[in-house]
Every structure is written in structure tokens, then in C-alpha cells.
Amino acid sequence: MNTTDATDATDATDATDATDARNDLVGIVLVSHSAAVASSVAELAKGLAGGGPTAPVAPAGGTPDGGLGTSAELVSAAAAAVDRGAGVAVLADLGSAVLTVKALLAEGDELPAGTRLVDAPFVEGAVAAVVTASAGADLAAVEAAATEAYAYRKE
């Protein structure tokens, strides 16, 4: 196992351990071309979710050999790690990451039932999704919160 795989597995395990008290939370998967970016955004979103149980969050970044790119295997494993039966929201950073998730969804059995690709900005959408899911919202509300992040203005 390379360092990237170990980091991704540790992050998914940490998210799982933190949510043992709330098994009904929507899971969040963050798909990036970079393992470091996916892990950092996951850490940021979990940190901003506040106290109490945090929704399970797993990064799925880079390739299994630690390179840049996306991996269907890492996405599938991350989704399985965060699935608690309330649905899984998947956010992706760039076009080919979106295509990877769409291909997995089209297969029909590669991702947990109730998995959705969420059209949202990666960082702001991830924070909104994790905060909303951690509050106990359902998958539709998590998706709406993440999507609304497109309207956040920085001026």
C-alpha cells in the first residue's frame, strides 16, 4: 500500500469512527485529481462542521499509485466507507472526475444505492454538504445546500 492509499484509508476510517453515534447521516465523497486536495478539502469541511457528530466524509483523490488523476476503484471504496443507508453525495473537482463518477453510476452496482453526483463548487460545496449532513439533513437537502454554494459571492 502506498502513502496515498494509507492516507485515504485513514481518513475514511477516521470519518467512520467519528460518526458511530449517528449511523443515519448522509455520507460525503470528495473526488479530486489530487489525493492531497481531496484530503485537505475533507479535513477543512469536517473542521467547519462544528461540534457533535460529523457526517462521514471520505476523500477519493488521485490514482492508486499516488499520481494525479481519478480512480473508479478509489471512488467506489470511499462511497462504501461512508454509506450509512441515508445516501451518499459525491462532489467532484474537474471534468474527468465527473465522468468517472457518472460511469460508476451508470454501471448501477458500483456505488451504494442512493448515491448522487452533486453539481456544486468543490470547496464551498463540500463545506456546505458536510455541515448540512452533519446536522442530520436528508440527501436532497445536502444536495441543495451544496448546489447553493454556486451563489456564494466573494465581492
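None of these values were measured; they are calculated from a predicted model. Along the sequence shown, residues are numbered consecutively beginning with 1.
Here the shortest heavy-atom pairing between A146 and A129 reads CB-CB, 4.1 Å. Nearest heavy-atom pair, A128 versus A145, reported as atom, atom and distance to 0.1 Å: CB-O, 3.5 Å. Taking all atoms of both residues into account, the shortest heavy-atom contact from V57 to A42 is CG1-CB, 3.7 Å. Across L74 and A60, no two heavy atoms sit closer than the pair O-CB, 3.7 Å. When all heavy atoms are compared, the tightest approach of G69 to T63 is CA-CG2, 3.9 Å.
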Test side chain to side chain contact (heavy atoms under 4.5 Å, CB included) applied to V88 and V26, step by step: CA-CA 6 Å; V88 176; V26 171; 5.9 Å; no

Full working for side chain to side chain contact (heavy atoms under 4.5 Å, CB included) between V29 and V101: CA-CA 11 Å; V29 174; V101 176; over 6 Å; no

Side chain to side chain contact (heavy atoms under 4.5 Å, CB included) evaluation trace for V75 with L104: CA-CA 9 Å; V75 173; L104 288 168; 3.6 Å; yes

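Annotation: side chain of V90 is in contact with side chain of V31 (closest heavy-atom distance under 4.5 Å). Side-chain contact between L25 and P56 is present, with heavy atoms from C-beta onward closer than 4.5 Å.
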Output a table of donor-acceptor pairs, distance under 3.5 Å, between side-chain atoms of residues 106-123 and any protein atom two or more places apart or on a different chain; print 'none' if there are none.
| residue | atom | partner | partner atom | Å |
| --- | --- | --- | --- | --- |
| T115 | OG1 | P112 | O | 2.6 |
| R116 | NH1 | E143 | OE1 | 2.8 |
| D119 | OD1 | Y150 | OH | 2.7 |

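Of the possible polar contacts, none joining the D24 side chain to the A86 backbone as a donor-acceptor pair under 3.5 Å is found. Within the 3.5 Å criterion, the main-chain N or O of V82 finds a donor-acceptor partner in the side chain of R84. In this structure, T132 contributes its side chain and A137 its backbone to no donor-acceptor pair below 3.5 Å. In this structure, the side chain of S96 does not engage the main chain of L99 through any donor-acceptor pair within 3.5 Å.
Linking Ile, Leu, Val, Met, Phe, Trp and Tyr whenever their side-chain heavy atoms come within less than 4.5 Å puts L30 and L48 in one cluster. Under a hydrophobic clustering in which Ile, Leu, Val, Met, Phe, Trp and Tyr are joined whenever their side-chain heavy atoms come within less than 4.5 Å, directly or via other members, L91 and L44 fall into the same cluster. The hydrophobic clustering, which links ILVMFWY residues whose side-chain heavy atoms are closer than 4.5 Å, places L94 and V37 apart.
L68 contributes atom CG, which lies 8.5 Å from atom NE2 of H33 (distance to the nearest 0.5 angstrom). Between D93 atom CG and S34 atom OG the span is 8.0 Å, to the nearest 0.5 Å.
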